[in-house]
Amino acid sequence: MDNEHRGFTSNIGAILAAAGGAVGLGNIWRYPYMLGQNGGGAFLLVNLFFVLAIGIPLMMTEFVIGRRAQSNVVGAYRKLSPEHKGWTVLGYFGILAAVLIYAFYSVVAGWTLNYIVMACTNQLSGLSPAEVADTFANFTAGSFWPVLYQFLFLTLTALVISFGVQKGIEKISKILMPVLFILLLLMVVRSLTLPGAKEGLHFLFHPEFSKLSGAGVLGALGQSFFSLSLGMGAMITYGSYIRKEDSLFKTSLWISVCDLMVAILAGVVIFPAVFSFGMDPAGGPQLVYVVLPNVFNSMPMGALFAAVFFVLLGIASLTSTISLQEIIVAFTVEELHWSRRKSSLISMLVIFIIGVFCTLSFGPLKDATLFGRTIFDLFDLITASYLMPIGALAMTIFLGWFYPKVEVQDEITNGGALKGKLFEVYYFILRYVAPLALIVIIVSGIVG
Ligand code: PHE
C-alpha cells in the first residue's frame with residue numbers, strides 16, 4: 001500500500017482530523033476553568049509557551065515515528081527498531097492507554113448525547129437551579145440510560161471508523177470541525193452580548209501573575225500535553241496517514257493553533273455568561289452539566305443556545321473518540337489482519353464492557369474504590385498522570401537517543417526538500433528539554 005492510498009488525501013484533511021482528536025472535552029471544561037483559577041492571562045502565556053516549546057515538538061515526534069514507519073503504534077516501533085524488539089512494548093502501552101481513556105471518556109461523551117436530546121426536546125428549560133442539579137445527579141447515578149447513551153456514542157464512533165481513514169475519519173472531520181467552529185463563534189457572540197460580559201472576560205484574561213503558583217505552572221504544562229492528545233500514540237497513528245510531502249512542523253503548528261483557539265473561545269463562551277447571571281464558575285462536569293444549563297435557562301433564546309452548546313460538545317467528543325478508537329483499529333487491522341469492520345465492532349464491544357464499569361462508578365459502583373478513587377477516577381488518573389507522560393518520555397528517548405539522527409532529519413525535512421534551521425532547535429528539545437519537562441510532570445504526579 002503506498003501512502004496515497006493508505007492515509008489522508010490532503011494536508012487540510014490531516015490537520016482537521018488530528019485537531020478533532022485534540023479538541024475535546026478537555027478544551028471545553030478543563031481549560032477555561034484552569035485559566036480562571038490560575039491568574040487568567042498569566043496561565044495563558046505560560047500555557048502558550050509550553051505548547052510552542054514542548055507540545056509542538058512532541059507532536060512532531062509522534063508524527064515522525066508514525067510517518068517514518070507507515071504503521072500503527074505497535075508496528076511503528078517494530079519497524080523502526082527491528083533489532084531491539086523491546087521497544088514494541090511501548091506500542092502496547094499506547095493501546096492500553098487508548099483503551100482506558102476511551103473507557104472513561106465515552107461515559108462523559110454519552111452524557112453529552114443525553115443532554116443533546118434533552119436540550120432539543122426542551123426538557124431543560126423551565127427547571128429551577130435545584131432541579132437542574134437533581135436532573136444531572138439522578139441521570140448520572142442511574143444505570144440504564146447512561147449505559148445506553150454510552151453504547152450509542154460508541155456505536156456512532158465505530159460506524160465512522162468502519163468507513164475507513166479517508167471515507168470515514170477524514171470526511172467526517174472535514175465536515176464536523178468547521179461546524180464546530182461556526183457553532184463556537186455563534187456561542188461567543190451570544191455570550192459577549194450579555195449584560196455584564198466584561199466581568200467574565202476580566203476573570204478569564206486579566207494576567208495576575210501573583211495567582212499563578214508552581215502547581216499552576218505545572219498544570220499549564222500538563223494541560224498542553226493532555227489537550228494535544230500526546231504520549232499514547234493517537235498522533236503516531238494519524239502521523240502514519242499524513243502525506244509524505246506535507247510539512248510535519250506546519251501540520252503540528254496548525255493543529256495546536258486550532259486546539260488552543262477552541263480552548264480560549266470556550267472560555268469566552270462560558271465565563272461572561274456565568275458571570276452575567278451571577279453564578280459560581282465551578283470546575284469539572286458540574287460546570288458544563290449544571291451551571292451552564294442554569295445559565296441557558298436565564299438567557300433569552302436559552303433553549304436554542306443550550307442545544308447549540310451540547311451539539312458542539314458532542315462534536316468535540318466524537319472527533320476525539322474517533323482518534324482513540326483508530327489507535328486500536330489500526331493495530332488490529334495491520335497487525336492481526338482483521339477486516340476494518342470486524343476491528344471496529346470487536347474493539348467497540350471490548351471498550352463497552354470495560355466502559356460500563358466507569359459509567360456505573362457514578363451510581364451502583366460508586367463505593368467500589370481503590371485509594372479512595374472510583375473506577376472512573378482511577379482510569380483518568382492512571383492515563384493522564386502516568387501512561388501518557390511516561391509514554392511521551394519513552395518516545396523522546398526512542399527518537400532522540402536511540403533512532404539515528406539522520407533518519408529523523410530526513411523525515412522532518414521531507415528528504416531534504418524542506419530547508420530551515422528549525423531542525424536543530426527541534427532536535428535539541430527532543431533530546432533534552434522535552435524529556436526533562438516530562439520527568440518533572442511524572443515525578444510531581446507521584447509526589448503530589
Ligand atoms: N485531547 C483530548 C481533550 O482535550 C483528550 C484526549 C486525550 C483525547 C488523549 C484523545 C487522546 O479532551
Side-chain angles (χ1 to χ4, degrees), residues 16-35 47 50-51 55-56 58-59 62 66 73 93-109 111-112 153-154 157 160-161 169 173 176-177 180 184 219-239 252 255-267 283-285 287-288 312-331 347 351 355 376 379-392 395 441:
L16 292 177
V23 170
L25 294 161
N27 299 57
I28 298 180
W29 85 46
R30 196 152 173 262
Y31 190 86
Y33 179 72
M34 290 186 86
L35 207 60
N47 179 250
F50 286 140
V51 167
I56 292 177
L58 275 176
M59 189 177 290
E62 292 206 25
V73 58
F93 260 110
I95 304 279
L96 176 70
V99 169
L100 296 183
I101 295 177
Y102 195 10
F104 81 81
Y105 205 86
S106 59
V107 176
V108 188
W111 293 351
T112 306
F153 208 96
L154 286 159
T157 308
V160 175
I161 295 270
I169 301 173
S173 304
L176 290 185
M177 290 311 282
L180 182 136
L184 194 58
L221 182 58
Q223 172 67 16
S224 61
F225 167 80
F226 181 80
S227 186
L228 294 173
S229 307
L230 300 169
M232 29 87 76
M235 296 302 171
I236 291 184
T237 309
Y238 277 7
S252 308
I255 295 164
S256 307
V257 167
C258 287
D259 188 61
L260 208 59
M261 221 153 65
V262 171
I264 294 170
L265 289 180
L287 176 64
V288 173
L312 191 158
L313 200 61
I315 293 176
S317 311
L318 180 63
T319 46
S320 289
T321 54
I322 290 171
S323 78
L324 282 165
Q325 198 183 356
E326 180 62 16
I327 302 173
I328 306 162
V329 166
F331 162 73
S347 58
I351 303 286
F376 180 98
F379 279 27
D380 185 358
L381 177 82
I382 293 170
T383 51
S385 302
Y386 300 105
L387 287 182
M388 292 174 73
I390 293 172
M395 284 171 193
I441 296 190

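Note that ligands are numbered from 1 as they come in the structure, with each ligand's atoms numbered from 1 the same way. Computed from a prediction, not measured in an experiment: that's the story for all the values here.
- Of the possible polar contacts, none joining the Ser227 side chain to the Ser224 backbone as a donor-acceptor pair under 3.5 Å is found.
- Between Trp111 and Phe376, the ring-plane angle classifies as parallel under the 30° and 60° cut-offs.
- When atom types are taken as modelled, the side chain of Ser385 and the backbone of Ile382 share no donor-acceptor pair closer than 3.5 angstrom.
- Summarising the geometry, atom OG belonging to Ser106 is positioned 11.5 Å from atom CD1 belonging to Ile101; distances are rounded to the nearest 0.5 Å.
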Please report the C-alpha distance between Phe93 and Ile390 in whole Å, then the side-chain angles of each, then the deciding distance to 0.1 Å, and finally whether the side chain to side chain contact (heavy atoms under 4.5 Å, CB included) criterion is met. CA-CA 10 Å; Phe93 260 110; Ile390 293 172; over 6 Å; no
Sub-3.5 Å pairs, protein N or O with ligand 1 N or O:
| unit_1 | atom_1 | unit_2 | atom_2 | d |
| --- | --- | --- | --- | --- |
| ligand 1 | 1 (N) | Ala22 | O | 2.9 |
| ligand 1 | 1 (N) | Phe226 | O | 3.1 |
| ligand 1 | 1 (N) | Ser227 | O | 3.0 |
| ligand 1 | 1 (N) | Ser229 | OG | 3.0 |
| ligand 1 | 4 (O) | Ala22 | O | 3.2 |
| ligand 1 | 4 (O) | Asn27 | OD1 | 3.1 |
| ligand 1 | 12 (O) | Leu25 | N | 3.2 |
| ligand 1 | 12 (O) | Gly26 | N | 2.8 |
| ligand 1 | 12 (O) | Tyr105 | OH | 2.9 |

Quiz: residues 16-27 side-chain donor-acceptor pairs under 3.5 angstrom, not counting sequence neighbours:
| unit_1 | atom_1 | unit_2 | atom_2 | d |
| --- | --- | --- | --- | --- |
| Asn27 | OD1 | Gly24 | N | 3.0 |
| Asn27 | ND2 | Asp259 | O | 2.9 |
| Asn27 | ND2 | Asp259 | OD1 | 2.8 |

